[in-house]
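All ligand and atom numbering here is 1-based and tracks the order in the structure.
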Amino acid sequence: MSHEIRTPMNAILGFSDILLYDQANKEEFLNYLGMIRKSGESLLNLINDIIDISKIESGQIKLKPETFDLHTLLDNVALVAQTLIKSKKKEITLVVKKELPQKELIINADPFRVEQVLYNLLNNAIKFTASGTVELSYVIAQPEMLIFKVKDSGRGIAPQDHTIIFERFRQAPNGSNDNSGGTGLGLAISRSLVHLMGGKISVESDINQGATFTFQIPFKTEAAASIESFVQKNNA
Ligand code: ADP
């Protein structure tokens, strides 16, 4: 972890020193300022991730289940992902697939934590896909079990790395040394949150074959009966 903190910290101090003590023309000035801002951002991300993981591990995060519309949540998450794709100037098509056709799907779960896991997975899918597609979908497996999938057509992960990527501060080696700028904590946090929600998370992938992350969580709905009949009809 010390490396993840030192690198952006050194960049902030080093570039500030240049701005304070050296002559920089306008272009250099803006360039160095941009580096300082970027390093500040990654430090803040890291701090947030470390706070999250320590809270989860010390049992301080309690779920706050509430009744909400899953379809609106998915639309909002997709909107943020779309903005991220645009800001990264990537040629990625985002596809959202909702199993149930109705406008709203009212369920009871912890929306904030479901959203956090989906953001983490989508963020990675976009980060590790140069161009292609990213697909966000859900299905209802049993009347009260939701299965989410985030699938991308990106660089993929070798089978021998499927376990370590869920560990803290671990990243899959990718041949070249281009650091993706991540903290290696996103999947560890996602896995802990999914476990906290009573579910599980897994990955299917291979090098250059894209990656599909799947997690399932139990949920409650007043419309369980109608969902059950929907699922049965579909499976018939
Ligand atoms: P971070 O993305 O911050 O490095 P994560 O814990 O979210 O940390 O992911 C750990 C590692 O798993 C990543 O560094 C990357 O090597 C690999 N990884 C995660 N998601 C994907 C993906 N969709 N495609 C390819 N590799 C991935």
Original post:
Does the Lys90 side chain pair with the main chain of Lys127, one donor and one acceptor, at a distance under 3.5 Å?
Top reply: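 Checking the backbone N and O of Lys127 against the side chain of Lys90, a donor-acceptor pair under 3.5 Å is found.
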Original post:
Do the side chain of Thr67 and the main chain of Ile107 share a donor and acceptor less than 3.5 angstrom apart?
Top reply: no
Check the side chains of [Y] and [X] for a donor-acceptor pair under 3.5 angstrom, ignoring hydrogens and angles.
X: Ser58; Y: Gln60; result: yes
X: Lys149; Y: Thr214; result: yes
X: Glu115; Y: Asn76; result: no

Atoms of ligand 1, numbered as shown, that sit under 4.0 Å from any heavy atom of [X]:
X: Lys127; answer: 1 (P), 2 (O), 3 (O)
X: Leu185; answer: 6 (O), 8 (O)
X: Gly186; answer: 5 (P), 6 (O), 7 (O), 8 (O)
X: Gly156; answer: 25 (C)
X: Asp152; answer: 22 (C), 23 (N)

Original post:
Quick one: are the ring centres of His195 and Phe215 less than 6.0 Å apart?
Top reply: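 When the ring centroids of His195 and Phe215 are compared, they turn out to be at least 6.0 Å apart.
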Original post:
For ligand 1, which part of Phe166 has a heavy atom less than 4.0 Å away: the side chain, the backbone, both, or neither?
Top reply: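 Neither part.
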Original post:
Looking at ligand 1, does any of its N/O atoms fall within less than 3.5 Å of an N/O of Gly184?
Top reply: yes
Subject >> Contact check: Ile157 vs ligand 1, nitrogen or oxygen atoms, below 3.5 angstrom >> reply: no
**OP:** Only heavy atoms count here, so choose which of Ile165, Ile207, Asp161, Asn124 is nearest to atom 7 (O) of ligand 1.
**Re:**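 Heavy atom nearest to atom 7 (O) of ligand 1 belongs to Asn124.
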Subject >> Other cluster members, Ile207 - Ile/Leu/Val/Met/Phe/Trp/Tyr, side-chain contacts below 4.5 Å >> reply: none
